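Given the structure is predicted, the values throughout are model-derived calculations rather than measurements. Just the heavy atoms: all of them, side chains too, but no hydrogens, waters or symmetry mates, feed the values below. Each chain gets a letter, A, B and so on, in the order its sequence line appears, and its residues count up from 1.
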There are 2 protein chains.
Amino acid sequence: MNKNFAIENKLFTFVRKLSNNMTNSHQNMAKVFKALGSEQRLNLFKMIYYWEKTMDVNMCCGVEKAFSKACDCMNLSRSTISHHLKELQNANLLVCERKGQMLSCQVNKELLNDIKIFFD
Amino acid sequence: MNKNFAIENKLFTFVRKLSNNMTNSHQNMAKVFKALGSEQRLNLFKMIYYWEKTMDVNMCCGVEKAFSKACDCMNLSRSTISHHLKELQNANLLVCERKGQMLSCQVNKELLNDIKIFFD
DNA sequence: TTTATTGTTCGACAACTATCGAACATATTA
DNA sequence: TAATATGTTCGATAGTTGTCGAACAATAAA
């Protein structure tokens with residue numbers, strides 16, 4: 001009986017810590033999942049990842065056309081794409097940088113790794 | 001030039017496939033992330049996972065108290081917890097089963113593994 | 001310098017979501 | 001059988017989100 005009690009207390013502490021957002025990474029993870037939790041945004045993310053990888057392998061051009069490609073491929077307005085990109089950046093899944101006219105987006109691979117670790 | 005063109009076409013095909021939801025797993029993944037994309041729901045999920053694991057290790061009692069524990073630990077009403085649990089089940093992250101009065105919830109470990117694979 | 005291209009910001013709107021309390025159903029205990 | 005405990009379902013509500021088009025800013029090309 002006492003044993004059960006002790007375990008319940010441990011549980012309480014654990015959850016209280018979560019609920020009080022003592023754990024920063026918890027909040028961040030929720031943010032990441034939220035960002036990936038829209039089908040269109042997941043599309044966008046995968047597209048950029050795929051694009052980046054393909055470009056890399058073929059060494060023929062940069063990744064800075066991601067935005068306009070997205071507009072062409074997905075049936076969404078520019079403003080919507082811009083909005084979604086911002087969400088992905090905000091979750092730290094993408095790092096974007098202006099290059100002249102174009103926006104260059106890259107996937108944050110470290111975070112991808114963190115996510116895998118999270119699920120262990 | 002021609003090379004770039006071919007690559008762009010590949011990209012188009014890739015994204016169109018995503019957008020048309022030809023890939024079932026893509027849709028499912030978005031659902032999973034959406035479910036985990038709320039802080040409270042992530043709390044709940046982690047709590048159940050932690051609870052399950054602790055109980056397992058200590059072999060002292062079952063996991064069927066998850067619901068009431070959740071109500072105690074998190075500051076949410078029963079109906080809200082019920083709602084969130086349903087979302088998690090819907091995303092296939094939890095498998096719940098009634099045991100008498102109680103609801104027994106278990107984490108779907110296979111899916112956790114699928115998620116890790118997804119990030120490779 | 002004019003025009004075209006890329007992307008951002010804004011305001012609007014419909015759809016969705018988190019949360020609650022109340023009422024209910026089912027199972028356990030007295 | 002009456003009372004209690006555990007969950008579910010419903011309706012309401014406030015808040016958030018996805019999407020658009022229009023107006024704008026910055027850069028590139030004519």
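- Outside the 6.0 Å centre-distance limit, the rings of A:F118 and B:Y49 are not counted as a close aromatic pair.
- DNA chain D lies under 4.0 Å from no heavy atom of any residue of residues 91-98 of chain A.
- A:D120 contributes atom CG, which lies 9.5 Å from atom CG of B:L112 (distance to the nearest 0.5 angstrom).
- Taking all atoms of both residues into account, the shortest heavy-atom contact from A:H84 to A:Q40 is NE2-CB, 4.3 Å.
- For B:K86 and D:dT9, the shortest distance from a side-chain N or O to OP1 or OP2 is below 4.0 Å.
- A straight line from CG of B:L85 to P of D:dT9 spans 12 Å, rounded to a whole angstrom.
- Going from atom CD of B:E97 over to atom CG of B:L103 covers 9.0 Å, rounded to the nearest 0.5 Å.
- Within the model, atoms CG of A:D114 and CG of A:N28 stand 9.5 Å from one another, a figure rounded to the nearest 0.5 Å.
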Counting primed atoms plus P, OP1 and OP2 as sugar-phosphate and everything else as base, spell out the protein contacts along nucleotides 15-24 of chain C at 4.0 Å heavy-atom distance: B, S or - for each nucleotide, 5' to 3'. --SSBBB---

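- No continuous path of ILVMFWY side-chain contacts below 4.5 Å connects A:V95 to A:W51, so the two sit in separate hydrophobic clusters.
- Judged by atom type and distance alone, A:Q101 does not reach the base of D:dA28 through any side-chain donor-acceptor pair under 3.5 Å.
- In this structure, the CD atom of A:Q89 is 12 Å from the P atom of C:dG7, given to the nearest Å.
- Rounded to a whole Å, the CG atom of A:L103 is 15 Å from the C1' atom of D:dA25.
- The interatomic distance linking A:E39 (CD) with D:dT17 (C1') rounds to 15 Å, in whole Å.
- When all heavy atoms are compared, the tightest approach of A:N108 to A:N92 is ND2-O, 3.0 Å.
- Two residues, A:G37 and B:I81, neighbour DNA chain D, and the one matched to the more 5' nucleotide by heavy-atom proximity is B:I81.
- Taken to the nearest 0.5 Å, the CD atom of B:E87 stands 9.0 Å off from the OG atom of B:S38.
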